[in-house]
Asker: 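Shown below is the structure under consideration.
One-based numbering, in listed order, for ligands and for the atoms of each.
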Amino acid sequence: MQELLIGMEELNTELAELEAQAQRRRLQVVEEVLPGGRVRVAGQNLLNLSSNDYLGLAQDPRLIAAAQAAAARWGAGAGASRLVVGHLALHEEGEAHLAKFKGAEAAVIFPTGYMANVGTLAGLLGPGDVIFCDRLNHASIYDGIKLSGATLKRFPHRDLNRLEDLLRETGSARRRLIVTDSVFSVDGDLAPLQDLVNLKARYGTWLMIDEAHATGVFGEHGEGLAEAVGVSREVDIHMGTFSKALGSQGGYVAGDRRLVDYLHNRARSFIYSTALAPPVLGAIDAALKIVAQEPERRRYLLEEAEIFRRDLLAAGLDILGSETQIIPVLAGDNARTLAFAAELRAQGLMAVALRPPTVPPGRARVRFSLSAAHSREDLSRARQTVVATARKLGLGE
Ligand SMILES: *Cc1c(COP(=O)(O)O)cnc(C)c1O
């Protein structure tokens with residue numbers, strides 16, 4: 001007991017250090033989710049510019065009804081892991097629909113996108129293998145690499161020359177894989193997919209892309225950035241999530257039948273975790289249908305995102321090369337960034353302040369995520385508020 005108390009005291013010291021560096025995080029309660037991409041927090045009705053619900057599907061009555069119907073028919077939980085007795089006809093069908101949506105031979109669903117990355121990377125690669133990773137890739141990719149035991153070769157963000165140097169230096173490795181987010185959540189910019197496809201072909205490696213922020217948003221059918229760029233067939237491993245634009249939960253990998261069979265046997269986050277719950281499978285299936293049948297949602301989102309970026313650029317703000325619905329505004333130092341976010345919040349806008357260590361020192365920013373749930377009027381007002389607030393803080397012209 002004595003030891004345990006000392007242990008907790010130690011944690012407290014560390015938390016106090018975080019507090020002193022203005023880096024301690026605390027949970028904030030969303031009291032209510034409101035229509036129009038709004039939330040109530042601390043009694044205040046805010047336009048939510050921090051969510052990943054890009055198509056506004058999380059509150060869609062059709063997803064909710066499909067989740068309820070799946071629960072009524074199959075239960076609240078799957079009852080077992082997939083390889084034991086948790087692979088319901090619902091999972092089989094869901095994965096078939098997903099493969100069709102992705103134009104792939106096969107697909108596998110994981111309980112989360114995080115688990116899809118960790119399980120896939122650690123399942124496919126091991127000691128003696130090399131993984132080439134864009135510096136700004138998602139944390140789940142880094143965790144998967146660490147767990148794999150493969151050698152990490154990190155290249156500067158979108159730096160193809162550096163990547164090619166690394167590819168040249170590592171020709172003797174057993175398996176080699178290049179992995180990249182397709183849409184980067186910190187800068188809202190895009191991976192150079194066509195160039196990566198060329199490099200992977202030239203050096204004989206695998207290419208894995210994480211379409212977490214692109215699934216449902218990019219491509220004529222909403223498959224993701226690979227579809228938009230026209231390189232779907234050249235990408236070996238398509239990873240994505242249902243937790244962002246698709247409004248519910250879960251991660252996926254799509255590709256060759258042999259890849260999927262292999263993951264069933266080697267991805268520990270797939271093997272040793274209970275199958276995704278039936279209501280979630282119901283919601284996923286409904287979301288895939290909506291993405292296919294309502295392209296106007298992603299068109300509206302991308303159109304509004306373009307207007308948002310254009311107005312911010314015209315006001316002289318640095319949006320860090322964003323080309324997507326994720327739009328950062330560089331504020332520089334931490335204090336100014338926090339003041340920016342706080343002032344926006346006072347005016348009814350919820351946007352996150354990103355500070356080091358998430359971003360490099362001196363590159364702190366406020367990030368806006370747009371959703372098809374937001375009305376044109378709300379977004380127009382939001383743009384004006386952002387520009388006016390930025391000016392007050394000495395940003396832009
Ligand atoms: C959110 C995210 C994940 C993790 O997905 P979850 O379904 O939330 O676990 C993986 N990769 C990227 C790039 C993400 O943004």
Asker: Contact residues of ligand 1 with a heavy-atom cut-off of under 4.0 Å?
Answerer: T112, G113, Y114, N117, H138, S140, D181, D210, A212, H213, T241, S243, K244
Asker: From N265 CG over to L83 CG, what is the distance, rounded to the nearest 0.5 angstrom?
Answerer: 7.0 Å
Asker: Could you check whether D143 pairs with K146 (Lys NZ or Arg NE/NH1/NH2 to Asp/Glu carboxylate O, under 4.0 Å)?
Answerer: no
Asker: Please determine whether a side-chain nitrogen of the Lys or Arg among D195 and R158 lies less than 4.0 Å from a carboxylate oxygen of the Asp or Glu.
Answerer: no
Asker: Indicate yes or no: does R202 engage E164 in a salt bridge with an N to O separation below 4.0 Å.
Answerer: yes
Asker: Once you round to the nearest 0.5 Å, how far does OG1 of T170 lie from OH of Y203?
Answerer: 9.5 Å
Asker: Looking at R24 and E14, does any basic side-chain N land under 4.0 Å from a carboxylate oxygen?
Answerer: no
